[in-house]
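Have a look at the structure below, then the notes.
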Amino acid sequence: MARNLLRTALRTCMRGGLLLSAVTFLAHGAQAQDGGTDAQVERGRYLAIAGDCLACHTAPGGRPFAGGLDLKTPFGIITSSNITSDRDTGIGSWTQPQFERAVRHGKSPDRYLYPAMPYTAYVKITDTDISDLWAYIRTIPAVNNRVVTNKLPFPYNIRTLMIGWNMLFFDRSAFAPDPSRSAQVNRGAYLVEGLEHCGTCHTTKNAFGGDTRATYQGTSLQGWYAPDLSNNTHTGLGGWSADDIVTYLRAGTNRHTASSGPMTETIENSTQHLTEADLQAIAAYFKSLPQRTVTVPAPLPASNRQMMAGAREFTVQCSACHVSTGAGIANMIPTLQHNPAVNAPNPDSLINIVLRGTDGPVTTANPTGAAMPSFGWKLHDDQIANILTYIRNSMGNAAPAVLASDVGRARKAIDAQQVVWH
Ligand code: HEC
Ligand code: HEC
Ligand code: HEC
């Protein structure tokens, strides 16, 4: 237990350190070169943070923007490219129109890009913003680092397949402000649909990785489930106020939940650095979405075998922090009561959190993120399935049971520890 806690603490410090160096770089690293004015470069720097370019284009321990980060997709591994101004291995010899085509249309001078690079969202970036972004990207010091981006297996390694994919799934329309909505809601829509690319993770995908019409209604990714953000109180953000959304995107925690996994990265690298006005705009946009009705299942009865076993295990393993009612501890341990993420139809994130533990978000607004220890080494698949089934069907929640086989599959997929304790 102590070793696990120590490891969690160390991980948190290391990540804090990396984050700090990245932010220091963003703040001081680049200087205006010929072309862009200082003001343009400054605006471009902010847009690059909103677009989270640094996080994807930097390998762990690697130089900023020099590429090399492996992204796991359902089709195989795609590695991010070097987008520093190196002429041989980066994009130093590119022109602005070439940059614009790659970022907004997924077409580099010599190849089609895969949508792991979120051009399907960036197509919404305005002309002015793309020139400011370019002005900033050009100031990034050259780093010579050759990256092989395409490590996909046949047939996905054939880039021209993307011509067909783009025809089927890529909506190339530019962002069009809706005159019936306020300027604030339009600004929020612009950020969410474009640079912040929230739908890349949160919109339900089809078998080919394309967006379905279930916009922001939740999807699985890399052992996680990015939950429903639509306006309903059971699985979505219907019960969150605009301020709850702002607080979450700035601090990583609020009175309903605390972020983990890929969302923590998004908050740490991108949203916490947005201006108050932009965060308010994003919140106003989500609150303006139409109400959505979801079918709420009947919770399993307390006499159910999994429920009874889960309730006992919860008391032993979890209640010290989450307390017996699941209410947690304000500003430290998130509540599990009426928690839309706990009600998600797909339990992947919950299984992931229990198997591997989770580092709390470390943000300026929440500098000492609390962490949850891992239980993968300690609890068997059926014990975890029972505890999660219990949480999902008590404390004001209702969701399908979790099976031991779901936990077993996840344990393999995310390479979590096997039980070593007993
Ligand atoms: C979710 C991860 C992700 C984010 C966020 C991201 N990129 Fe990318 N980007 C990639 C990947 C992966 C590739 C390589 C795709 C390929 O080879 O098909 C790529 C490729 C590119 C290329 C083409 C480079 C070349 O040599 O062909 C450019 C330019 C680029 N990105 C710019 C940006 C900018 C600017 C941003 C921020 C606005 C950004 N990217 C954000 C993942 C990302
Ligand atoms: C890289 C993928 C990714 C991106 C991009 C992303 N999210 Fe998430 N998000 C997730 C995952 C995975 C979770 C579930 C883990 C968790 O609860 O922290 C999540 C959780 C959330 C939650 C918590 C919901 C709940 O019911 O607890 C909110 C709110 C949220 N995201 C909003 C956003 C918004 C707004 C954006 C765009 C600014 C965004 N996300 C971009 C992956 C992503
Ligand atoms: C040492 C204290 C501690 C213990 C013990 C603990 N947790 Fe947690 N748990 C936390 C903290 C802190 C968080 C928030 C982490 C973060 O910020 O990402 C959390 C988050 C969660 C979440 C995500 C909630 C959300 O809103 O996204 C779930 C689900 C959860 N815990 C379930 C459990 C279960 C099940 C157990 C028992 C097997 C357990 N926890 C034991 C401290 C604990």
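Order of appearance sets the numbers: ligands from 1, and atoms from 1 within every ligand. Keep in mind it's a predicted model, so treat the numbers as computed, not measured.
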* Structure fact -> With heavy atoms and a 4.0 Å threshold, my read on which part of Y225 contacts ligand 2 is backbone
* Would you say the side chains of Q280 and E276 form a donor-acceptor pair under 3.5 Å? -> yes
* Asked: Does the W165 side chain pair with the main chain of F208, one donor and one acceptor, at a distance under 3.5 Å?
  -> yes
* Asked: Strictly under 6.0 Å, is that where the ring centroids of Y216 and F286 end up?
  -> yes
* Is the shortest distance from a heavy atom of T253 to ligand 3 less than 4.0 Å? -> no
* N/O of S260 under 3.5 Å from N/O of ligand 2, yes or no? -> yes
* Asked: For ligand 3, which atoms have a heavy atom of G360 less than 4.0 angstrom away?
  -> 16 (C), 17 (O), 18 (O)
* Just jot down the ligand 2 atoms closer than 4.0 angstrom to any heavy atom of W224, in number order. => 12 (C)
* Mind checking the OG-CG spacing from S374 to N352? Nearest 0.5 Å is all I need. => 11.0 Å
* Asked: What distance do E313 atom CD and D382 atom CG have between them, rounded to the nearest 0.5 Å?
  -> 8.5 Å
* To do: State the atoms of ligand 3, each with its element, that fall below the 4.0 Å cut-off from a heavy-atom position in M332.
  => 12 (C)
* Numbering the atoms of ligand 3 from 1, which are under 4.0 Å from a heavy atom of T358? -> 15 (C), 18 (O)
* To do: Decide whether the shortest distance between a heavy atom of V342 and an atom of ligand 3 is less than 4.0 Å.
  => no
* Atoms in ligand 3 with a heavy atom of A371 nearer than 4.0 Å -> 12 (C)
* To do: Look at the rings of H256 and W240 and say which category their plane angle falls in: under 30° parallel, 30 to 60° tilted, over 60° perpendicular.
  => parallel
* So, for Y119 and F170, is the gap between ring centers shorter than 6.0 Å? -> yes
* Under the 3.5 angstrom rule, does the side chain of N397 hit a backbone N or O of I391 as a donor-acceptor pair? -> yes
* So, does R411 use its side chain to make a donor-acceptor pair with the main chain of L355 at under 3.5 Å? -> no
* **Enumerated ligand 2 atoms positioned under 4.0 Å from heavy atoms of L229** => 28 (C), 29 (C), 30 (C), 32 (C), 33 (C)
* To do: Tell me, please, if C321 has any N/O/S atom, main chain or side chain, under 2.8 Å from atom 8 (Fe) of ligand 3?
  => no
* At a non-hydrogen distance cut-off of under 4.0 Å, which region of N339 contacts ligand 2 (side chain, backbone, both, or neither)? -> neither
* Asked: Taking only heavy atoms of T257, which atoms of ligand 3 are found under 4.0 Å from at least one of them?
  -> 25 (C), 26 (O), 27 (O)
* To do: Of the side chain and backbone of I384, name the one, both, or neither that has a heavy atom under 4.0 Å from an atom of ligand 3.
  => neither
* Asked: Has the side chain of R159 got a donor or acceptor atom that lies under 3.5 Å from a matching backbone atom of Y112?
  -> yes
* How long is the span from the OG1 atom in T128 to the CG atom in L133, to the nearest 0.5 Å? -> 12.0 Å
* Using 4.0 Å as the upper bound for N to carboxylate O, is an ion pair formed by R250 and D243? -> no
* To do: List every atom of ligand 2 that sits less than 4.0 Å from any heavy atom of P227, numbering the atoms from 1 in the order shown and giving each element.
  => 13 (C), 14 (C), 19 (C), 20 (C), 24 (C)
* Proximal atoms of ligand 2 relative to F286 (non-hydrogen, under 4.0 Å) -> 35 (C)
* In ligand 3, which numbered atoms sit nearer than 4.0 Å to a non-hydrogen atom of I387? -> 35 (C)
* Structure fact -> For ligand 1, protein residues within the heavy-atom limit of under 4.0 Å are G51, D52, C53, C56, H57, L71, I78, T79, S80, S81, I83, W94, F99, V103, S108, R111, L113, Y114, A116, M117, P118, Y122, L133, T149, R159, H197
* To do: State the atoms of ligand 3, each with its element, that fall below the 4.0 Å cut-off from a heavy-atom position in P361.
  => 17 (O)
* Structure fact -> Interatomic distance, NE2@H202 vs NE2@H197, rounded to 0.5 Å, equals 10.0 Å
* Could a heavy atom of D359 be found less than 4.0 Å from some atom of ligand 3? -> yes
* State whether the number of non-hydrogen atoms from other residues, nucleotides or ligands found under 6.0 Å of N144 atom CG is greater than 12. => yes
* N, O or S atom within H202 nearest to atom 8 (Fe) of ligand 2, by name -> NE2
* Asked: For ligand 3, which atoms sit closer than 4.0 Å to a heavy atom of P334?
  -> 11 (C), 13 (C), 14 (C), 19 (C), 20 (C)
* To do: Look only at interatomic distance and state if S259 has a nitrogen or oxygen under 3.5 Å from any nitrogen or oxygen of ligand 3.
  => yes
* Measuring from I130:CD1 to R101:CZ, what's the distance to the nearest 0.5 Å? -> 13.5 Å
* Quick one: pull up CZ in R305 and OG1 in T389 and give me the separation to the nearest 0.5 Å. => 9.0 Å
* Asked: Within a radius of less than 6.0 Å around CZ of R146, do more than 12 heavy atoms belonging to other residues, nucleotides or ligands occur?
  -> no
